[in-house]
Structures are given as structure tokens and as C-alpha cells.
Amino acid sequence: MPELPEVEVTRQRIAPLLVGRRIRALRTTRPSYFFITPPGRLRRALAGRTVKELGRRGKYLVAQLDEGSRLVVHLGMTGQLFASTAVSERLLSASGRAVLEPEAQVRFRPDAHTHLRFCFEDGGAEVYLRDARKFGKVMLVPAGESHPRLERLGADALEASGESLYRATRRRTAAIKAVLLDQSVIAGVGNIYADEALFLAGVRPGRRARRVTRRECGRLVDAIRRVMRRSIETGGSSISDYIAPDGSDGRYQRERRVYARDGEACVACGGRVRKRVVAQRGTHYCPTCQR
DNA sequence: ATTCCAACCTGATAGC
DNA sequence: TGCTATCAGGTTGGAA
């Protein structure tokens, strides 16, 4: 699932295909849960526009358009943003045979889940946004305006401070993991990196947030930054559907210490990694190393 | 103010 | 083998 590192890698790699190229037409699927801004309006607004800059806030991609408005995209759980030239076995498993060109085993062809398709004036490679479950979202934010979804976001996970996490947790009886997943506190943390950071910081995910010390909050924020920087370096985690814009897999899943390793040996103590539900999410931790 | 949970969606997989 | 039930998870919004 795309969290901050996957969104950041996507941003870095799709930017060269998006920025500075005049959009001839945007093709979309029918109106659905995926579209916050209706697709017809999106198509009209994007035709003839150029993306000036592609930014990121938490898990959101923000494309700054030449006339001042912003196209905002969230990849949800299964969102994939990639080039029409992308080549990936994963596009096969993610979407079945139907989307593949018969002669090219791994070449993708837009299907019913391909909600956005950017075609450019230069006639070069197109850019696709595909999302089978439609948990992703797309919206157009007019020039000078904002949107509650963006307004609500806390400090970006790469820049958050331990002190701000400490302050945010003082009155909260919910599990510390629930607070880490709360995008209004720290933006960009999802299930994988929450579990990984809690392990590195030695904090049990189910511990009540107000019981986490100032020092542990510092360790948690450091751990979040550390795992995310490393993940960005290695191209993100391809655990379920994530692929980079060129179709390649990330490699961070090879380095994960607890996520989806339940029953396996803890990398630190050799004990068994356990899985249970915390904050309504599948949660992986080592009962020995995390207190 | 905070916490909990349902709803949104569909591919993968466990169970029968 | 083939079908059905269940699960996964990010975010919102309403109820407790």
C-alpha cells in the first residue's frame, strides 16, 4: 500500500513525464467514488494545461498547474501511477490477463480500472492512474483555494519532531499506533511503516499513547524518518500492488523487520514475531523487544 | 475532544 | 474443482 515513501518515489520518477508537457487530453472512467471532482469537469480543466511542479504532502501528490489550480491525487490502497511504457509482471497479477497485450506478456493496456489517462501534445508516453479498489481519490483545487483533506494534515513524517508527537499524545488513551496512523498528527505514516518504526523504537503498538514517554516519542519520530528514508532509497515497498512509474518493484520489503513476518524469528532477539489487531489494523510486533 | 466502527471497493485467498 | 465467505487497508463521517 502506498505510504509516504512509495508516494515520494512515485513523485520523483513520474515528475519527468508530467512536468512541462502540455496536456492534450485527459481521459477518464465514468463518475464514481474515485472522483471527488467530477470526471467531466476534470477533463475540461486539464485540457491544454501544463504541470509546473509536482509536489507531495503526506500521502498526497499535488500537481501545480500553469493557471494556478492544483490537481491532487491520493493513491489509496491500490492506486498505481505509471507510464504507458511501464513493464511489470505485477500488472499481470494485479489485473488479470485481460489488460495485457497478447504479444507482450507484461505490457499494460488501459482497462476499466484505469481512471486517469494523460495524453500529451508531444505524442509521447502517456501517464496512467489505475486503482482497482477506488480507495484512491482525485480532485481539482481551484487557484487560491484549499481543501479540508489537505488542511487537516499534520507535519510531514520526514519533518515531524518528537516533541510535537509528545504533545499530541498527552491526552490520548488510544493505542500509540492509532496516533501514528492519524494523518492530522503526522502525515504520511501507514500500516507498514507504523509497525516498522514501533519495532525500531522498542514500543509496543497497543500501548496507550499517553503512557509513551517524551524520550520514546523522540525515538519513534527518529525511527519513522529512518525507515522512510531508507525505503525511498530502495524504491519503496512492493508488498501488494505498488509499482514504480516504470513498472519496477520497490525493494524495501526485503528489509522489513516485522511487517507481515508473523510467526517468523525476530531479527533482534530470535523470538517469534506476533500479529494482532491494534487500532483496527493488522499489527506486527515482537513481544520481547517492544514494551 | 476523543474513540470506535461502518462504509466505500474488489482481488486474493481460505474454507467448504 | 468450484463456489462462497472473509479479509485487506486509507480515509471519512457519524455515533457513542
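We name chains A, B, ... by the order of the sequence lines, and we start the count at 1 in each one. Keep in mind it's a predicted model, so treat the numbers as computed, not measured.
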message: Closer than 4.0 angstrom, basic N to acidic O: yes or no for A:D66 and A:R49?
response: yes
- prompt: So what does A:G282 hit on the nucleic acid, given a heavy-atom distance under 4.0 Å: a base, only sugar-phosphate, or nothing?
  reply: sugar-phosphate
query: Separation of A:R130 atom CZ from B:dT10 atom C1', in whole Å?
result: 11 Å
Nucleotide B:dG11, atom C1' - distance to NZ of A:K134 in whole Å: 13 Å
message: Run the side chain to side chain donor-acceptor pair (under 3.5 Å) test against A:Y252 and tell me which residues pass, sequence neighbours left out.
response: none
- prompt: Would you say the side chain of A:R117 lies within less than 4.5 Å of the side chain of A:L129, judging by non-hydrogen atoms?
  reply: no
field: Spacing of A:R133 atom CZ relative to B:dC9 atom C1', expressed in whole Å
entry: 8 Å
What N/O pairs connect the protein and nucleotides 12-16 of chain C at under 3.5 Å? Give each pair on its own line.
from	atom 1	to	atom 2	distance (Å)
C:dT12	OP1	A:R152	NH2	3.2

query: Salt bridge between A:E121 and A:R24, side-chain N to carboxylate O under 4.0 Å?
result: no
- prompt: Is there a donor on the side chain of A:Y33 or the base of B:dC9 sitting less than 3.5 Å from an acceptor on the other?
  reply: no
- prompt: Does CZ belonging to A:R41 count more than 12 external heavy atoms closer than 6.0 Å?
  reply: no
message: Can a donor-acceptor pair be found, under 3.5 Å and without considering hydrogens, that links the side chain of A:T283 to the backbone of A:A279?
response: no
- prompt: If you take atom types as modelled and just measure distance, does the side chain of A:R281 reach the base of C:dG10 with a donor-acceptor pair under 3.5 Å?
  reply: yes
message: Check the orientation of A:H115 and A:H113. Use parallel for under 30°, tilted for 30 to 60°, and perpendicular for over 60°.
response: perpendicular
query: So, does A:R21 use its side chain to make a donor-acceptor pair with the main chain of A:L17 at under 3.5 Å?
result: yes
- request: Would you mind checking if A:E196 and A:R256 are paired as a salt bridge, meaning a charged N to carboxylate O distance below 4.0 Å?
  value: no
- request: Round to the nearest Å and state the distance from A:I36 atom CD1 to C:dT11 atom C1'.
  value: 10 Å
query: Is the shortest side-chain N/O distance from A:K137 to OP1 or OP2 of C:dT11 below 4.0 Å?
result: no
- prompt: Hey, is the side chain of A:Y259 poking within less than 4.0 Å of OP1 or OP2 on C:dA8, counting only N and O atoms?
  reply: no
- prompt: A:L4 CG to C:dT11 P: how many Å, rounded?
  reply: 11 Å
- request: Return the residues of residues 153-186 of chain A meeting this criterion: a heavy atom under 4.0 Å from some atom of DNA chain C. Order them by number, or give none.
  value: A:Q183
message: Whether A:H113 contacts B:dG11 is assessed here as follows: a side-chain N or O lying under 4.0 Å from the phosphate OP1 or OP2. Is that the case?
response: yes
Side chains of residues 183-193 of chain A: which donor-acceptor pairs under 3.5 Å do they make with residues two or more places apart or in other chains?
from	atom 1	to	atom 2	distance (Å)
A:Q183	OE1	A:G188	N	2.8
A:Q183	NE2	A:L181	O	3.0
A:Q183	NE2	A:V189	O	2.9
A:S184	OG	A:D182	OD1	2.7
A:N191	OD1	A:K177	NZ	2.5
A:N191	ND2	A:G282	O	3.0
A:Y193	OH	A:E6	OE2	2.6
A:Y193	OH	A:S231	OG	2.6
A:Y193	OH	A:S237	OG	2.8

query: How many Å lie between CG on A:D262 and P on C:dA8, as a whole number?
result: 10 Å
field: Working for side chain to side chain donor-acceptor pair (under 3.5 Å), residues A:R210 and A:T169
entry: CA-CA 5 Å; A:R210 63 192 302 175; A:T169 49; over 6 Å; no
- prompt: Using rotation axes that map the C1' atoms of four end pairs onto the next four (five pairs an end), what angle separates the end axes of the helix from B:dT2-C:dA16 to B:dC16-C:dG2, to 10°?
  reply: 60°
Separation of C:dG9 P from A:D195 CG (nearest whole Å): 9 Å
A:H74 side-chain N/O to C:dG10 phosphate OP1/OP2 under 4.0 Å: no
message: Can you list everything that forms a side chain to side chain donor-acceptor pair (under 3.5 Å) with A:E216? Sequence neighbours excluded, please.
response: A:R207, A:T213
